[in-house]
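The chain is numbered in sequence order, starting from 1. One-based numbering, in listed order, for ligands and for the atoms of each. Please read these numbers as outputs of a predicted model, since none were measured by experiment.
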Amino acid sequence: MSERLNELKQQIQALSYAYYVLDAPTTEDNVYDALYAELVAIEAKHPELVTADSPTQRVGGIVLDKFEKVPHDVPMLSMGDVFNEAEIRQFDQRVRKELGVEQVSYTVELKIDGLALSLKYVDGQLVQGATRGNGTIGENITANVRTIRSVPLKLTEPLTIEIRGEAYMPKRSFAQLNAQREVDGLALFANPRNAAAGSLRQLDTKVAASRNLDTYLYAVADSSVLDVTTHSEMLAAIADLGCHVNREYRVVDSIEAVMAYIAEWTDKRSSLPYDIDGIVIKVNDFAAQRQLGATVKVPRWMIAYKFPAEEQST
Ligand SMILES: NC(=O)c1cnc(N)c2cc(Br)sc12
């Protein structure tokens, strides 16, 4: 029986990964539903065989009375914002001067307009999900994070690692949620970011599970756990571990190429199924990042170019 149970868990996990992480469903919903129903039935008969990484354990039906505070051993820093080309060029000049080089490789990424998230794994098992909080103390929202289908409950490797990123609500989920709140006479959320934050701060996990949240993961608290020397290699490594990584990142070798990427996504951002509020520009090489270091509040090797505030439609 436990053999069939493990087979079902692997099959369901593979289908769920394809659907929620690769955004490429490989089977009809009814096939998934039948496998899931069989797993639920076997676990109901053999509760001793239920494991924390079973797909049935995502919505625990837990109602907390509060969120406990948890420390971030490695502070979750924010980043400096820039608003125009001149400031981007100043960043590039400072970086090349401090590194003593003519040319620097940058990783450019979409800045997801969501809520910063920390995911701690021990031997590959998800043991804690937390908010950024003030950067050194966050809130333990593990029960809610487990309900996000793109968050792996178990990594493909038994690593002990802290992976960070953004939880967000897709635009379509936001529109559906506000439409239902309108019908129910409830206050509407102002934007998907507030809706995602409000959903993850729900004490009732069933509510969080109903909000169709998603994640894009883009950092590791201690990259020495992985055999990587650059940010782009790290992104590929956490994608291989089963994390949802945004595919639009690029490695570029000039600030001109950074500008071109910004121009491209300034035009295309409204067509994305999720909100972005800027472009993140990072020195790609980890040794160079260490050489540049950080101020008390922000790293000196990355900046966020923020899009101009959108005209509010009247
Ligand atoms: N890809 C990234 O690095 C990224 C994307 N979206 C965000 N909201 C943030 C925030 C920080 Br801090 S980094 C980052």
Side-chain angles (χ1 to χ4, degrees), residues 21 72 74-83 88 91 95 105-119 129-138 145 148 150-151 162-171 174 191-197 199-200 213-223 226 228 230-239 241 243-252 258 261-262 264-266 268-269 272-286 288-289 292-307 309:
V21 178
H72 295 303
V74 175
M76 289 182 76
L77 297 179
S78 58
M79 64 182 142
D81 291 342
V82 294
F83 300 91
I88 296 172
F91 168 72
V95 161
S105 286
Y106 293 108
T107 318
V108 283
E109 300 167 86
L110 303 182
K111 186 171 182 297
I112 311 303
D113 197 4
L115 188 75
L117 196 57
S118 156
L119 301 174
T131 64
R132 178 180 175 281
N134 65 7
T136 50
I137 304 282
V145 162
I148 304 175
S150 62
V151 170
E162 181 184 346
I163 302 173
R164 295 171 170 180
E166 207 82 4
Y168 71 93
M169 184 179 288
K171 291 175 182 172
F174 172 69
N191 53 54
R193 192 212 164 282
N194 289 5
S199 302
L200 280 174
L213 296 175
D214 199 338
T215 56
Y216 278 126
L217 303 180
Y218 50 69
V220 169
D222 173 6
S223 57
L226 301 171
V228 293
T230 67
H231 180 76
S232 51
E233 286 172 3
M234 181 277 300
L235 291 175
I238 63 173
L241 289 174
C243 298
H244 195 195
V245 173
N246 190 288
R247 284 175 289 203
E248 302 304 344
Y249 72 90
R250 299 287 182 274
V251 179
V252 297
V258 169
Y261 184 87
I262 289 173
E264 176 189 356
W265 286 103
T266 301
K268 288 165 59 175
R269 72 188 271 216
L272 285 167
Y274 48 87
D275 274 353
I276 61 172
D277 61 343
I279 300 295
V280 181
I281 305 157
K282 293 176 188 161
V283 172
N284 193 36
D285 182 78
F286 281 155
Q289 290 183 7
L292 292 162
T295 66
V296 170
K297 290 185 72 175
V298 297
R300 297 170 54 77
W301 44 266
M302 87 169 159
I303 51 167
Y305 165 76
K306 300 297 290 286
F307 291 127

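The aromatic rings of Phe307 and Tyr305 lie perpendicular to each other, with more than 60° between the two planes, well past the 30° mark.
Taking CD of Gln289 as the start and CE of Met302 as the end, the distance is 8.5 Å to the nearest 0.5 Å.
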For a distance cut-off of 3.5 Å, show me each N or O of ligand 1 paired with any protein N or O, plus the separation.
residue  : atom  : partner : partner atom : Å
ligand 1 : 1 (N) : Glu109  : OE1          : 3.0
ligand 1 : 3 (O) : Lys282  : NZ           : 2.6
ligand 1 : 6 (N) : Ile112  : N            : 3.0
ligand 1 : 8 (N) : Ile112  : O            : 2.9
ligand 1 : 8 (N) : Glu166  : OE1          : 3.2
ligand 1 : 8 (N) : Glu166  : OE2          : 3.4

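For Val21, the side chain to side chain contact (heavy atoms under 4.5 Å, CB included) test picks out Tyr17, Ser150, His244, with sequence neighbours left out. For Tyr168, the ring-ring contact (aromatic ring centres under 6.0 Å, His included) test picks out Tyr216, Tyr274, with sequence neighbours left out.
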Using distance only, find each side-chain donor-acceptor pair of residues 108-118 under 3.5 Å and give its atom names and separation, not counting sequence neighbours.
residue : atom : partner : partner atom : Å
Glu109  : OE1  : His231  : NE2          : 3.3
Glu109  : OE2  : His231  : NE2          : 2.9
Glu109  : OE2  : Lys282  : NZ           : 2.9
Lys111  : NZ   : Asp277  : OD1          : 3.3
Lys111  : NZ   : Asp277  : OD2          : 3.2
Ser118  : OG   : Glu162  : OE2          : 2.6

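Residues His72 and Arg164 are in side-chain contact: their nearest non-hydrogen atoms beyond the backbone lie under 4.5 Å apart.
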